[in-house]
Protein chains: 2
Amino acid sequence: MTADVSAAWQAYQRMRVQLNGRINRELTRSTGLSEADFDILFFLEQSGESSVTSLALRCGLEWEKSRLSHQLRRMEQRGLVVKEAPGAVIRLTDRGREQIAAARACHEAAVRRYFGDVLNAEQLAALTAISDQVVARLTEDRHATRR
Amino acid sequence: MTADVSAAWQAYQRMRVQLNGRINRELTRSTGLSEADFDILFFLEQSGESSVTSLALRCGLEWEKSRLSHQLRRMEQRGLVVKEAPGAVIRLTDRGREQIAAARACHEAAVRRYFGDVLNAEQLAALTAISDQVVARLTEDRHATRR
DNA sequence: GCCCTCTGGTTGATGTATCAACGGTTGATG
DNA sequence: CATCAACCGTTGATACATCAACCAGAGGGC
């Protein structure tokens with residue numbers, strides 16, 4: 001592995017671990033929501049009527065089915081969502097709606113602070129391109145490896 | 001949050017989840033090691049005599065103490081490392097040395113395939129700079145938030 | 001000396017991620 | 001129609017991450 005690849009990989013790994021660690025910690029501290037909670041609630045809130053099928057959630061978030069099932073069970077126990085008609089539609093509760101509103105503000109502030117404000121327009125564009133290329137490569141290979 | 005920040009953030013998140021998911025899955029499939037296992041073994045192997053204090057491990061990897069403790073316990077049960085003199089020195093076993101050798105090859109191949117080969121020199125340099133800047137920002141703020 | 005605090009490591013509890021296995025429904029093929 | 005295959009969602013088992021509580025030893029200040 002050439003030196004520049006190695007350096008980029010190490011730097012990236014460091015950013016990945018620390019940046020997401022920080023943002024999740026701040027989110028959990030100030031709202032009590034985990035990253036998983038946030039992703040689910042965010043997706044539901046974005047989806048018009050705040051209700052959506054399990055399948056749409058799974059595809060939208062690209063989660064494994066068992067992961068989603070476990071997560072929804074825990075969130076239902078905490079009163080953040082309800083499942084209407086077993087295995088069908090997931091709906092935000094009022095409590096869930098409150099929480100995601102607060103969490104969005106907190107999350108956006110953190111992203112701006114540690115990410116958006118640190119990078120200039122060129123860097124943002126470069127990172128977008130880099131990410132898209134890598135994801136495209138992964139998607140290509142998904143077929144090659146039979147899945 | 002401006003559109004370019006939002007786009008970059010979303011693209012980055014996608015890459016983060018998918019890229020690390022893929023690499024870890026391949027690593028686990030072909031060697032039976034988790035990312036945590038790999039990080040520990042890699043660090044030990046890099047450290048001259050393949051033995052190092054718990055403290056050096058904690059600082060080098062920037063892990064919480066309880067995380068390291070749990071992880072080392074599990075790895076010792078699997079015969080990958082041994083703890084000599086309680087709480088002091090961690091040492092690679094022969095089995096651990098074998099495993100990390102195989103895992104390194106697998107890991108490097110995956111990093112090259114999905115990351116190094118996909119990006120050109122400019123992009124690698126840009127990503128390194130981006131990562132360093134973000135990490136620097138996080139480090140600044142660590143003091144501000146009293147830790 | 002005595003206490004106090006800080007730090008290093010451990011442990012238990014909880015939440016999360018992944019895998020394998022299961023039951024149920026649906027759709028195609030014979 | 002009967003069967004088979006594919007997919008949905010669920011569940012249990014296991015590994016991992018994090019938090020809080022705990023114990024032990026090392027200094028520092030009195």
Side-chain angles (χ1 to χ4, degrees), chain A residues 13 16-41 52-90 99 103 146-147, chain B residues 13 16-41 52-90 99 103 146-147:
Chain A
Q13 287 295 97
R16 176 183 70 89
V17 171
Q18 294 201 12
L19 179 58
N20 268 84
R22 176 72 60 91
I23 290 178
N24 290 337
R25 215 169 303 126
E26 288 192 3
L27 191 67
T28 303
R29 282 262 172 243
S30 37
T31 70
L33 296 178
S34 67
E35 184 185 6
D37 299 329
F38 182 83
D39 289 343
I40 299 266
L41 296 179
V52 85
T53 67
S54 282
L55 187 55
L57 253 175
R58 256 185 55 198
C59 297
L61 297 176
E62 298 180 302
W63 279 21
E64 303 234 346
K65 56 186 180 178
S66 67
R67 179 183 181 186
L68 183 63
S69 183
H70 285 304
Q71 186 66 32
L72 288 177
R73 175 178 44 74
R74 289 187 296 257
M75 291 177 73
E76 190 171 26
Q77 283 171 356
R78 286 189 291 153
L80 296 173
V81 299
V82 286
K83 296 188 223 178
E84 311 188 330
V89 174
I90 310 297
Q99 300 246 7
R146 204 168 52 269
R147 198 245 151 184
Chain B
Q13 288 295 97
R16 176 182 71 89
V17 171
Q18 295 200 14
L19 178 57
N20 268 86
R22 176 72 62 92
I23 290 179
N24 290 337
R25 215 169 304 128
E26 289 193 2
L27 190 65
T28 303
R29 283 262 171 245
S30 37
T31 69
L33 296 179
S34 67
E35 184 185 5
D37 297 329
F38 182 83
D39 288 343
I40 299 264
L41 295 180
V52 85
T53 67
S54 282
L55 187 56
L57 253 175
R58 255 184 58 197
C59 296
L61 297 175
E62 297 177 307
W63 278 21
E64 304 233 345
K65 56 185 181 178
S66 67
R67 180 183 180 187
L68 182 63
S69 184
H70 285 305
Q71 186 66 33
L72 287 177
R73 175 179 43 75
R74 288 188 296 258
M75 290 176 73
E76 191 171 25
Q77 282 171 357
R78 287 189 291 152
L80 297 173
V81 299
V82 287
K83 296 189 225 179
E84 312 189 329
V89 173
I90 311 297
Q99 299 247 7
R146 206 168 51 268
R147 200 245 149 185

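If you're wondering where the values come from, they're calculated on a predicted model, not measured in any experiment. Hydrogens, waters and symmetry mates are skipped; everything else that's a heavy atom, side chains included, is used.
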Between Arg78(B) and dA15(D), is there a side-chain N or O to OP1/OP2 distance below 4.0 Å?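 Arg78(B) to dA15(D) OP1/OP2: no side-chain N or O under 4.0 Å.
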
Is the phosphate of dA15(D) approached by Ser34(B) (side-chain N or O, under 4.0 Å from OP1 or OP2)?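 So the side chain of Ser34(B) is outside the cut-off, no N or O lying under 4.0 Å from OP1 or OP2 of dA15(D).
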
Identify the two heavy atoms, one from Leu72(B) and one from Ser54(B), that lie closest to each other, and give their separation to 0.1 Å. CD1-OG, 4.3 Å

As an exercise, state the distance from [atom1] of [X] to [atom2] of [Y], rounded to the nearest 0.5 Å.
X        : Y        : atom1 : atom2 : answer
Glu35(B) : Arg25(B) : CD    : CZ    : 12.5 Å
Ile40(B) : Trp63(B) : CD1   : CH2   : 4.0 Å
Thr53(A) : Ile90(A) : OG1   : CD1   : 8.5 Å
Glu62(B) : Asp39(B) : CD    : CG    : 11.5 Å
Ser66(B) : Arg58(B) : OG    : CZ    : 9.5 Å

Nucleotide [N], atom [atom2] - distance to [atom1] of [X] in whole Å:
X        : N       : atom1 : atom2 : value
Leu55(B) : dT7(C)  : CG    : C1'   : 10 Å
Glu76(A) : dT16(C) : CD    : C1'   : 18 Å
Leu27(B) : dT18(C) : CG    : C1'   : 15 Å
Gln18(B) : dA17(C) : CD    : P     : 16 Å
Asp37(B) : dT14(D) : CG    : P     : 17 Å
Arg73(B) : dC16(D) : CZ    : C1'   : 11 Å
Glu26(B) : dT18(C) : CD    : P     : 15 Å
Arg16(B) : dA17(C) : CZ    : P     : 10 Å

Spell out, as yes or no, whether a donor-acceptor pair under 3.5 Å connects the side chain of Thr31(A) to the backbone of Ala103(A).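 Flag not set: sc Thr31(A) to bb Ala103(A) has no pair under 3.5 Å.
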
Counting distance only, does the side-chain N/O of Ser69(B) pair as donor-acceptor with the main-chain N or O of Lys65(B) below 3.5 Å?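 The answer is no, because no donor-acceptor pair under 3.5 Å joins these two groups.
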
If you check the Ser54(A) side chain, which of dT10(D), dT11(C), dG9(D) turns out closest? dG9(D)

Using a 4.0 Å heavy-atom cut-off across all strands, classify Asn24(A) as base, sugar-phosphate, or nothing.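 Contact class for Asn24(A): none.
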
For DNA chain C, stems built from three or more consecutive Watson-Crick or G-U wobble pairs below 3.5 Å: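 Detected stem regions: C:1-22 with D:9-30, C:24-30 with D:1-7.
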
Nucleic acid footprint by protein, nucleotides 17-24 of chain D - heavy-atom cut-off 4.0 Å, B for base, S for sugar-phosphate alone: SBBB----

Donor-acceptor pairs under 3.5 Å, side chain of residues 75-82 of chain B to any protein atom, not counting sequence neighbours: which ones?
{"unit_1": "Glu76(B)", "atom_1": "OE2", "unit_2": "Lys83(B)", "atom_2": "N", "d": "3.2"}
{"unit_1": "Arg78(B)", "atom_1": "NH2", "unit_2": "Asp37(B)", "atom_2": "OD1", "d": "2.6"}
{"unit_1": "Arg78(B)", "atom_1": "NH2", "unit_2": "Asp37(B)", "atom_2": "OD2", "d": "2.8"}

